[in-house]
Every structure is written in structure tokens, then in C-alpha cells.
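This report concerns only the one structure given below.
Both counts, for ligands and for their atoms, begin at 1 and track the order of listing. Positions are given from 1, in the same order as the sequence printed here. From a predicted model like this one, the values you see are computed outputs, not experimental measurements.
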Amino acid sequence: MRRAAIARNIKWSTPTNWGDLEITINLSKPEKDPRDIAAAGAAKNTGEKYPACQLCIENEGYPGRSAAADGGAHPARQNLRIIPISLNGERWGFQYSPYAYFNEHCIAMSSEHRPMHVDRKSLTCLLDFVDLFPHYFIGSNADLPIVGGSILSHDHFQGGAHEFPMMHAAEVSQFSVPGFDGVTGAVLQWPLSVLRLRSHDRAQLLDAAEKIILAWREWTDESVGVVAHTADGVAHNTVTPVIRRVDSRGNAGGEIYEAYLALRCNITTDEHPLGVFHPHAEYHHIKKENIGLIEVMGLAILPPRLVPELGAVREHLLAAKADASYDLAGALEGDNLCRSHAAWAEDVYARRADELTADNAIDILHEEVGVVFGHVLDNAGVFKWDEAGRAAQQRFIDSL
Ligand SMILES: [Zn+2]
């Protein structure tokens, strides 16, 4: 890990309807376009590239190669050391993330270069992981484009010692999963549609979680835009699962198994070509990437471009405050760094110009970015927090 680079990352938290959301601008990770991720996930591994991807265990000690080299650019990993672990009887690798989004951010990767999948096997691996490391959470990205993470082509998980905002979300109601008396289900007050299961009994928790995932994969409710399969046979529903072990007070490392199942659907429409349950176009100036595992849990990983962009927006807002004749709209539109933020920045100015000073301007912008992140998570929720959404969620739970 390059701790000096990580220390430069910018972090804050913003109070929202969903509790305090956590925001980081990660200066070391490039922003990816969701369409490129989908293409990479669909690409066949011809076996010609070595290592086949950035998560393969063959990266350990790899010297790297340039863009001009056969197979294209691949970063050097000479100082990477992977710890062998066993999950579900298979050989996996364990390493800490070079990006360190949070405390002890770690990655577990299959020793085999194979696609992401969310099913009984992956849940078993997740449960084995928390039995090996009871003080860590572990989660998997979803296994479909748009709602998955940035790498679909290599089976892997992310974990660590952090407690995420989602883990502090209030419990709105409880439910039971028929046939699993030892499992307590809860609906969480969270922008994404998250069902939490708890049990002392690992086997029952696994069976109940699998049942919910299988039911969700077939669940269509057009009244809220959820479509399990389109006429072309393509599947759209999946789950982002997170597993922890907690004690009776909810502290990590106890004897109670906990599963968070975030219900996802990657359906697209003409109105939302990048995804109905994906950040909507009006928020792409802040976040256009997939809402992956870490963000599902309430920690935003935002792109480095926001540092110069927010800095430039700040200058224009302060100029407008200092001079009533300043053409704020024109200045934002005319500045390459600010154009994408223009409508949002004008709205912030209209609401908050009175309190704006040189000292607090960046904090105000950060707070407003946090508010946008809350909206983006709400976009990703399949069952909204209106009457129709709540009723639709109840229909799904009742179907179990
Ligand atoms: Zn790989």
C-alpha cells in the first residue's frame, strides 16, 4: 500500500435522511465508464494475456508492462504478496487493497480467473471468510453489469474492519422467512432496498439467503419498473450480498451471522439508457459509475476530477457573492471545469448564497455533494420510499 498516496484522499461525511453518508474523493483510482465495464465483463479470456486481469493471483510480483507491450498496459505489482486462504474448499487469495477505501480494506480473489457469481457457492465462501476473520465484514459485488462493481470478469470479494452507514440503518419492520424459524429478517431504512437476515445458525442463514436471492432473480413487478427477464432472455435481477458476524449489541466479531441482501435490477429504458436503478443523468456530474458494494453500504468513492472541478465552482460562487453583477450562469457554462456542474452550482448558490464565505465555501459544496450521493443511492433502490414502493416491497416479502 502506498500510504502517502492514500493519505491525500479527501474524506467527509454528510447528514441525510439515511443517516451520515461517508464521502471520499479517491485520488489514486481512475473513473470508469459503466459501458466499458460491461464490455470487459463480456470479453472472452483468450488465455493470451498474462495476468488475465488485475485480480488474478498471477499479479503477485509481476513487473508490469507498457501500453505498447503485447496485451496492453498492466501495472507492476512487484511488492504485492497474496496470502493463501481456503473458502468453500477452494484455493483463494487474500490481499489488502492498494486503494484502501477504508480501514483494513481487503480483497479475496478466486485462484481461478472466472466471472463473478452470486449464488449458494459464493454465499458459502462469504460465510467461510467471516469464520476465518470474524472481525471483518465481507461482501460481493453483484454479478451483472450496471449494478455490479468495476471488475465482473474475476470472482472476488471485498472486506475489512470498517462499519458502514448501512450497518447503522434503522430497522423499519421485521419479517420471517417461512421454513427458517431461526432467522430474523428486517427491512432497513436505507435508500437501496436492503433486507437484513440474522441468525445464530449459519446453515439456516445460508438457506434463507439463497431462497431470497433465487426468488428475487425471478421477481417482476412492472408497477415499479422491476423486470426479471426481458423478451430476449436476458436476466436483470441480482443481489449485492454482505456478510458479518456480530454480537448481541451489533459489534463485529460475535456469534450471530448477519446477511445484508441489497436487491438490484439492471433494466434499462429509453429514458434511462444507462439503467433505471443507476445514478440518473442529472447526477452524472458527481457520479456516473456503477453503485457497487462499497457505495451500497453508504461510502461514496468519487473520482479525482472533482477536486479541480469543485475548486473552480467555488471560485465562481465567491465571485458572484462579491459582485452582484457577476454573470454566474455564463461563467459556469464558459468554464470547462464547471460546465457539467452549472445547473447544480446555480441551485446551490440560489439556496445558500447568504451563508457562503471563502472559509466555508468548499464545506458547503462537499455537503451538497453528499446530498447528491444520497439521491444517487435512492436512484439505485428498486423499491422507493413512497407508498407504491413500500407496497411493492411488501409483495415481494409476502411472496417468500
Ligand atoms: Zn483474473
Side-chain angles (χ1 to χ4, degrees), residues 1-2 26 28-101 105-126 128-129 132-133 136 138-160 238-242 266 289-290 292-295 301:
M1 276 167 281
R2 291 177 168 78
N26 194 283
S28 54
K29 187 168 187 276
E31 189 173 24
K32 288 192 177 181
D33 190 296
R35 284 162 290 208
D36 296 337
I37 293 168
K44 286 231 171 6
N45 172 28
T46 59
E48 288 164 16
K49 275 177 70 183
Y50 178 93
C53 80
Q54 289 196 31
L55 284 172
C56 283
I57 59 171
E58 291 81 5
N59 281 285
E60 187 170 50
Y62 188 66
R65 59 176 186 256
S66 72
D70 199 18
H74 195 101
R77 293 283 185 256
Q78 287 109 322
N79 59 355
L80 171 63
R81 295 295 178 269
I82 296 172
I83 301 164
I85 58 174
S86 173
L87 302 178
N88 194 23
E90 292 180 335
R91 185 180 164 218
W92 282 62
F94 173 101
Q95 69 166 95
Y96 285 100
S97 164
Y99 302 127
Y101 291 157
H105 179 189
C106 57
I107 303 169
M109 68 290 249
S110 163
S111 61
E112 191 187 332
H113 179 77
R114 65 179 183 215
M116 296 288 295
H117 57 102
V118 175
D119 51 23
R120 188 177 183 88
K121 275 187 182 167
S122 66
L123 290 172
T124 302
C125 289
L126 295 173
D128 280 358
F129 186 94
L132 272 176
F133 305 105
Y136 280 173
I138 187 80
S140 170
N141 263 308
D143 51 1
L144 292 177
I146 298 176
V147 295
S150 57
I151 299 181
L152 285 166
S153 57
H154 194 121
D155 199 4
H156 72 287
F157 308 135
Q158 296 182 73
T238 182
V239 163
T240 304
V242 178
N266 78 349
E289 293 180 304
N290 299 349
L293 167 68
I294 306 302
E295 283 161 326
I301 313 296

Just by distance, no angles: are the side chains of Thr238 and Asp143 close enough, under 3.5 Å, to form a donor-acceptor pair?
yes

Is the CZ atom of Arg91 crowded by more than 12 outside heavy atoms at less than 6.0 Å? no

Side chain to side chain contact (heavy atoms under 4.5 Å, CB included) between Glu58 and His113, worked out: CA-CA 10 Å; Glu58 291 81 5; His113 179 77; over 6 Å; no

So the protein N/O/S atoms within less than 2.8 Å of the Zn ion (ligand 1) come down to Cys53 SG, Cys56 SG, His113 ND1, His154 ND1

Query - Aromatic ring proximity, centroids under 6.0 angstrom, Phe129 and Trp92 - result: no

ask   = In terms of ring plane angle, is the pair Tyr99 and Tyr101 parallel, tilted or perpendicular, where the classes change at 30° and 60°?
value = parallel

Smallest heavy-atom separation, Glu60 atom then Leu80 atom, equals CG-O, 3.2 Å

